[in-house]
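Beneath this line is the structure, given in structure tokens, with notes to follow.
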Amino acid sequence: MAPVSAPNLPQPDYLSRLNPEQRAAVEAVDGPLLVLAGAGTGKTRVLTTRFAHILMSGRARPWQVLAVTFTNKAAREMRERVSAILGQPAEGLWLGTFHALCARMLRRHAALVGLQTNFTILDADDQLRLLKQVMEAARIDAKRWPPNGTMGVIQRWKDRGLTPERVTAAEDSDWANGAARALYAAYQRRLVELNAADFGDLLLHVTEILRTNPDVLAEYHRGFRYILVDEYQDTNLVQYLWLRLLAQRPEPLPRNICCVGDDDQSIYSWRGAEIENILRFEKDFPGAQVVRLESNYRSTKPILAAASALIAHNSGRLGKTLRPGRQDAEGERVQVLSLWDSEEEARAVAGRIEQARRDGMPLREIAILVRAGFQTRAFEERMIALGIPYRVVGGAKFYERAEIRDAMAYLRVLNQPADDLAFERIVNTPKRGLGDTALRAMHEIARREAVPLSTAAHLMVERGEALRGKARQALMELMQGFDRWRAALPTEGHVVTTATLLDESGYTEMWKQDRSPEAPGRLENLKELVRALSEFESLAGFLDHVALVMENDENAEGDRCSLMTLHAAKGLEFDMVFLPGWEEGLFPSQRSLDEGGEKALEEERRLAYVGLTRARRIAIVSHAANRRIYANWTSSIPSRFLDELPEAHVTRAGGAAQERSRMVSAPSVFTAGPLASRRARVIEAGAWEVQARPARSDAFAVGDRIFHQKFGYGRITGVDDDKLDIDFEKAGSKRVLDRFVERG
DNA sequence: GAAACTATCTTTTTT
DNA sequence: AGATAGTTTC
């Protein structure tokens, strides 16, 4: 957008570009402020402008502002935009994700929770492996109590700011027969022994430090004059506590906290986010101002009308109304397509994308947003067939690949010899003849001497204990290697040392010898890793970056259409958006509903709202009558959300293939009975049961041989009005509506 | 130490 | 169905 210069107005240029409500949010600098920002209302602009305004008006120096986001992407974007307004790179800012900021704080005060400054940040994989070990040691039956279930319990406690000591007996769930709390405590002890912290710990530890060390808290109170929080609706309890501790400065220091969020876009409750945090803001900060941003500059009127009508079905909202803010807000209605099955849905969507492409729309302006990952497959297949370039956002990550994780493990041991998890990973990679037996011996000594594995390994080599011959030789070489590489680090630098390490350890050689087709790619990835390493000042900095930022190499280049989940789409926008799979059971997701009831339904609805509001000009929603789930075909009824879209702004139609399919009168599916009677479920058959059924004289009878489009040939074993029980030759027994079968 | 077999689980995911 | 993780077997 071209900057508008306004020399006749006595205000900085950056303020004149805002509408009145945005400007109010930027200029209400003093005291607590809640900005309720609807989708597409310029939230990021407000946040960044406010940040810049605080600095430009001389209210604070860059390091006196704390700015928190949820994702690295949001943090990067904010940094860039603040720099752009300031006209210079923004340096020395406390700007980052909750986790990155907490990691930075924790490095300063690590000793207060028993860690050293160079503690390792564990990823999800390491966390689980560690917990498995802990559970094994405690003799918990992993069959009955799967480790990731225990992980869930622990994480939920961490999300709520509960250290093991703070978990009350009453809180101890019946998980693992009441052993969860003890497992949690043991797990935390192991983490400290390993000089490691998991993601949850970053917030938990820092919050605990701030709670129990008034001097540390006071230091931050003096330091942070302004606090800015993005996506406040997604904060969990510990994040909330952390913010509140930092924001509630003692009198007479002002409490300048500004939280920006949208209660209608809260979609992460399943990972601990508490929408109550935003609903409660005014109570937490008495005298808080509330500004609503309601002018939407993104979408057309019909899209906004559809999204608004949908979200209006939720209760307990703070209340906002999206107003079209664009001059050209007129536009096409939201389309709803009814299709026979998921394959036809893919054909219809891909066909429309092809058409749009012919009409000149860039593919990068088109997105398919699905509820669940497995849905992408049908679309991918179709787009490959048609030769439409696409990309799946949120797929496999660079740093999750085996070779990268191995190399990272080497670097972790180099950086932090106490990192047993990393040591275990690489001690026999490449194969050195140090298998289970050797590892068990090392564990034995480590336990006896109360030292890390790598120290135990050193001892074994020196004493010649437990290991003999080849194994001892191999271990000695490895340990000498680490000594050498560690010594080289200060003189050679981390990049050269890493390259040396990968060669001398035999790791690169291992892949060179590997004859599998992936091997060359893996070697490439290792080169890429070394290259990435050169962008960092130190090894420690790089390791933190990888743990916290986990940048995945999305091949963003090229004009491709995007395929992603609704969750991944939050914050993005496209000209044309497809929203397939709006069926009961899938969206809203049955599993969510089972777990969370009415609240979960509202979250699903918010997800639908997020989906619709991603679209600038064209939104196409669809549902299929049949979908393959796992192995077999399941029929499903249209999502209740489809009924919640306002008729005046929606066009409902069958797909291109409707005529040749059995969907004779597709619109009738929308006249289904009252909502209340509609159970949330995937039913075996019956999407069309509301359709007026012509009386059939040629009634089916038990024993008849029939043919079904999806299930093939079968024989009738029972008749119940219009429902037939059929024993299919291939698909097994099913109950099907008679109008879906023909005599075979 | 690797191949072969079998049991299990299939929403959303950032850090 | 298909992937994957854990087990068994050679």
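Chain A is the first sequence line, chain B the second, and so forth, proteins listed ahead of strands; every chain is numbered from 1.
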Nucleotide nearest [X] when distance is taken to its side chain, options [options]:
X: F199(A); options: dG2(C), dT15(B), dT12(B); result: dT15(B)
X: T97(A); options: dT11(B), dT15(B), dG1(B); result: dT15(B)
X: H567(A); options: dT12(B), dG1(B), dT15(B); result: dT12(B)
X: A568(A); options: dT13(B), dT15(B), dG1(B); result: dT13(B)
X: R591(A); options: dT11(B), dT13(B), dG2(C); result: dT11(B)

Between [X] and [N], is there a contact of a side-chain N or O with OP1 or OP2 at under 4.0 Å?
X: N72(A); N: dT14(B); value: no
X: S589(A); N: dT12(B); value: no
X: R271(A); N: dT13(B); value: no

Which protein N or O atoms sit under 3.5 Å from an N or O of nucleotides 3-10 of chain C?
{"unit_1": "dG6(C)", "atom_1": "OP1", "unit_2": "K132(A)", "atom_2": "NZ", "d": "2.9"}

DNA chain B nearest-nucleotide lookup for F70(A) and G433(A): closer to the 5′ end is G433(A)
Along DNA chain B (nearest heavy atom to each residue), the more 5'-positioned of K431(A) and P146(A):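 Upstream on the strand: K431(A).
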According to side chain to side chain contact (heavy atoms under 4.5 Å, CB included), who are the partners of A422(A), at least two apart in sequence or on a separate chain? A409(A), R412(A), V413(A), D419(A)
For R244(A), what residues pass the side chain to side chain contact (heavy atoms under 4.5 Å, CB included) criterion, not counting sequence neighbours?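 Expected list: Y240(A), L241(A), Q248(A), D284(A), F285(A).
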In whole Å, I'd like the distance from the [atom1] atom of [X] to the [atom2] atom of [N].
X: Q127(A); N: dT14(B); atom1: CD; atom2: P; result: 14 Å
X: M510(A); N: dG1(B); atom1: CE; atom2: C1'; result: 14 Å
X: E603(A); N: dT13(B); atom1: CD; atom2: P; result: 13 Å
X: Y609(A); N: dT12(B); atom1: OH; atom2: C1'; result: 20 Å
X: L122(A); N: dT14(B); atom1: CG; atom2: P; result: 18 Å
X: Q375(A); N: dT12(B); atom1: CD; atom2: P; result: 9 Å
X: M151(A); N: dT15(B); atom1: CE; atom2: C1'; result: 13 Å
X: Q590(A); N: dT11(B); atom1: CD; atom2: C1'; result: 12 Å

Distance alone, cut at 3.5 Å: any donor-acceptor contact between the side chains of D406(A) and T429(A)? no
Taking salt bridge (Lys or Arg N to Asp or Glu O under 4.0 Å) as the test, write out the residues that go with R271(A), two or more places apart. none
With the six-membered base ring of dT15(B) as reference, does the ring of F98(A) sit under 5.5 Å away with planes under 30° apart?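 It does not: the ring fails the test against the base of dT15(B).
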Tell me the ring-ring contact (aromatic ring centres under 6.0 Å, His included) pairs involving residues 135-154 of chain A, sequence neighbours left out? W145(A)-W175(A)
Under 4.0 angstrom, heavy atoms only, what part of the nucleic acid is T71(A) near: base, sugar-phosphate, or nothing? sugar-phosphate
Students often get this wrong, so: under 4.0 angstrom with heavy atoms, is G373(A) touching a base, only sugar-phosphate, or nothing? sugar-phosphate
Quick test of your reading: applying salt bridge (Lys or Arg N to Asp or Glu O under 4.0 Å), list the pairs with at least one residue in residues 145-160 of chain A, sequence neighbours left out, ordered by first then second residue.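 Applying salt bridge (Lys or Arg N to Asp or Glu O under 4.0 Å) to every pair that reaches into residues 145-160 of chain A, excluding sequence neighbours, yields K158(A)-D198(A), K158(A)-D201(A), R160(A)-E171(A).
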If you draw the axis of the six-membered ring of W94(A), does the NZ or CZ of R104(A) fall within 45° of it and under 6.0 Å from the ring centre? yes
R107(A) to F119(A), cation-pi by 6.0 Å centre distance and 45° axis angle: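 So R107(A) does make the cation-pi contact.
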Pairwise P distance for dT13(B) and dG2(C), with rounding to whole Å: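 One P to the other, the span is 23 Å.
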